[in-house]
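Here's the structure we're looking at; comments come further down.
One-based numbering, in listed order, for ligands and for the atoms of each. This structure is a prediction, so every number in the text was calculated from the model and none was measured.
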Amino acid sequence: MTYPTAVLKKAAEQLKKRQEENKKITREKKETLYAAIPELAQLNLEISAKMKQTLNLEQDVRVSKQMLSDLVKKREKLLLEHGYSPDYLADYYECPVCKDEGFVDGKPCRCYQKLMLLEACKMSNLGERIEKENFHTYSPELHKEHKSMEGFIHKAKKYCEKDPSVKQNLLFTGPTGTGKTFLSSCIAKEFLDSGHFVLYYTATKLFNIIDEAKFHREDTEAVELAEMLTECDLLIVDDLGTEYAFLYPQSRLFDILDTRTVQGKRTVISTNMDLSELNQKYSPRIVSRILGNYEIFVFQGKDLRYQ
Ligand SMILES: [Zn+2]
């Protein structure tokens, strides 16, 4: 999917803020300079007037251009005399490529794509974590208690490359502190960095969202959020099994998971429960439905958080 409206809207707001701030910087820079060198202000007025004349073809173009170039040279010299670089008066832009317009040839500039990515990260609920927990920060030393981690990292990389040797969905099971969340962060970062839209929720939060959308249809934001659970490129459900599972949100969640699988979208679930506990909490029918479409990673070892 492309980013949802909420992300695009926020990125556009950020771009506008950037444009306004940088216009202010340019304006203040000029005002300070004109106050210090009044001759410069006068010269600038002359340059603007001459530009207008040149554009309106009010006199011989060649003469007009020559005069304009002389004036510009005079301005550069004046700036140099006062210890400024000749281009000091140029408008200030954060991105010289698009001049903070956000688009180049009708396509979003890299700087704008970056803003969208930032907003998508914020919205994914993973913002800060993925900076600390990603494939680049993985160290076998840190995870030496987790025998299988090395293999999981290898497989997770393949998963991100959509290698057919790894199933479309993953289920991480194992005790707390054995690296499940770390691995889902690694995967999330890869997806986000390649421009995909990712949502991360604990199961409890997810069930709340599903409830909100059903019982508060007037709350368009809640409804849109619930729709995104189906539509996002990667959905990460953390701590499945810890929620109070009422019948409606439970069956709705499993419908969402089914739809995602059918539509080729990817889902990563992590849970502290083992398979028999899952079978007790949810119906065996539901569990077997999940297991059929999910590749299972069994995490083992000591709880890393207490070391
Ligand atoms: Zn740009």
Item to complete: Anything protein N/O/S under 2.8 Å from the Zn ion (ligand 1)? Just list residue and atom, please.
Response: Cys95 SG, Cys98 SG, Cys109 SG, Cys111 SG
Worksheet item: Does any donor atom in the side chain of Asn169 or Asn293 lie under 3.5 Å from an acceptor atom in the other side chain?
Response: no
Fill in: Distance-only donor-acceptor check, side chains Asn272 and Lys180, under 3.5 Å
yes
Practice prompt. Could you give me the CA-CA distance, side-chain angles and deciding distance for Phe152 and Phe172, then say whether side chain to side chain contact (heavy atoms under 4.5 Å, CB included) is met?
Written response: CA-CA 10 Å; Phe152 290 163; Phe172 299 165; over 6 Å; no
Worksheet item: According to the interplanar angle, ranging from 0 to 90°, do the rings of Phe182 and Tyr138 count as parallel (below 30°), tilted (30 to 60°) or perpendicular (above 60°)?
Response: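 Phe182 vs Tyr138 ring planes: tilted.
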Worksheet item: Which pairs pass side chain to side chain donor-acceptor pair (under 3.5 Å) with one or both residues in residues 71-80, sequence neighbours excluded?
Response: Asn44-Arg75
Item to complete: Before giving the answer on side chain to side chain contact (heavy atoms under 4.5 Å, CB included), spell out for Val237 and Tyr200 the whole-Å C-alpha distance, their side-chain angles and the decisive distance to 0.1 Å.
Response: CA-CA 6 Å; Val237 185; Tyr200 166 95; over 6 Å; no
